[in-house]
Amino acid sequence: MMKATQRPPVDKRAFVSEAVEARIREVKQSIANEELAWLFENCFPNTLDTTVRVGEADGKPDTFVITGDIDAMWLRDSSAQVWPYVPLAHGDAGLQRLIAGLIHRQARCILLDPYANAFNAGPTGSQWESDLTAMQPGLHERKYEIDSLCYPVRLAHGYWTSTRDASVFDAEWLNAMRAIVRTFREQQRKEGPGPYRFQRVTGVAYDTVPLSGYGNPSRPCGLVHSAFRPSDDACVFPFLIPSNVFAINALRQLADIVQTALRDKDFARSCTGLADEIEEAILNFGIVSHGSHGKIFAYEVDGFGNALCMDDANIPSLLSLTYLGCVPENDPVYDRTRRFVLSEDNPYFFRGTAGEGIGGPHVGLDMIWPMSVIMRAFTAKDDQEILQCLAQLTRTHGGTGFMHESFHKDDPARFTRAWFAWANTLFGELILTLHDRRPALLNAGLPNARHLTTQRGHRV
């Protein structure tokens, strides 16, 4: 017997899209495993059910999207939370307006402060007001992260590709995009450290930035500094490679929009030129020789020849680079990097009695992030590896019917963040992708093995 849905009653949902509901009904029918179907029904609409606030500002649609159990909007999370709904927007006027409203809201946030990662719905105050940085009303947190400025470009480009609605690209949005490019150039730090610094009075090392808030030393080389990772943890070396690779893609998407939709050839050339410069620097500084895995992407470098080899579950990660469309699927450097990050040579890869996957320092050792298991399935070429990922996800939700931030490698009942909409929506996106591209896998039985293996039977 199917389990009862964990969704709110219809009249308690923040937003209802018939296009999304129709997709849920369609996909559920194709899933043989009842637990997997139940998880999909709960998770895929979670962002719309619980996190969106739709309205109007200055005569334009306005959408604020909280991350879940934190009542604030991250540029990264909000973009990723609505991403799987974007292909449905062209057939649902309400859903299209919701996403357009988020694009407008993000533009205003970026213009308020391009160095901030998270925003409040208004000037309501923040628990981080005492941070030693240029906090101002409207900001929730001011941790500068490259990816925070890439995700709104990805969302805008995806929305435009799906709907062909260029009305969102107004003067305010274009000014925000110019602020993004200006910030990236400032943070190449060719002429000094730039205007951003950040410190926090804390006993948690990854919550503050060393050397008066400017970060560890670096040598200008064309790469862009990031004070923090997508996990909101401080970088060790200032050049965060997966985020720099993501920036290349975002800049080229931005060039496509402004060249085609806005006919701004000069700004398009500026975006493309910066992307080319970062790409050359990745080739020169971002690929390193690992003793066991050969030439791989580093996680962080400093331009002096020092590199940190690891991966973190948060996206952009090294594992996610093909999912994001930043690296070709058959790229040999990526293939070697993927083998590395899914091995115990990655200090944040954990294996236990409940399962295996990547975590990060944000919630400590031995905590696996479902996001990494989902991303492993997205980037796998082998059907058996995908099925094993699905099986692990059905076993490690702690009986809640939702994805979490992390769970303990030996006990799924020990998890963090019961309400984390990004992970829920990402799981829904995985199931949609399999339904559209590899439907036979959703009709297959799920394996019982706790650990993932290659076709030859060796652990990856």
F402 and F420: aromatic ring centres closer than 6.0 Å? no

Distance alone, cut at 3.5 Å: any donor-acceptor contact between the side chains of T416 and H404? no

Nearest non-hydrogen partners of P230 and E145, listed with the distance: CA-OE1, 4.3 Å

Are R164 and W160 in a cation-pi setup, meaning NZ or CZ lies under 6.0 angstrom from the ring centre and within 45 degrees of the ring axis? yes

Indicate, with yes or no, if the rings of Y206 and H362 have centres closer together than 6.0 Å. yes

Do any N or O atoms from the side chain of D311 and from the backbone of S317 form a donor-acceptor pair under 3.5 angstrom? no

Checking ring-ring contact (aromatic ring centres under 6.0 Å, His included) between H140 and each of F119, W74, F64, which is the one that passes? W74

Salt bridge check, D436 against R23: does any charged N sit closer than 4.0 Å to a carboxylate O? yes

Between R269 and D266 (salt bridge meaning N to carboxylate O under 4.0 Å), is one present in this structure? yes

Under a 4.0 Å threshold between the charged nitrogen and the carboxylate oxygen, would R142 count as salt-bridged to D113? yes

Thinking salt bridges, do R417 and D69 make one under a 4.0 Å N-O criterion? yes

Is any side-chain N of the basic residue among E277 and K190 closer than 4.0 Å to the acidic one's carboxylate O? yes

Looking only at heavy atoms, the pair that brings M403 and N424 closest together is N-OD1, 2.8 Å

Can E356 and K409 be counted as an ion pair, charged N to O under 4.0 angstrom? no

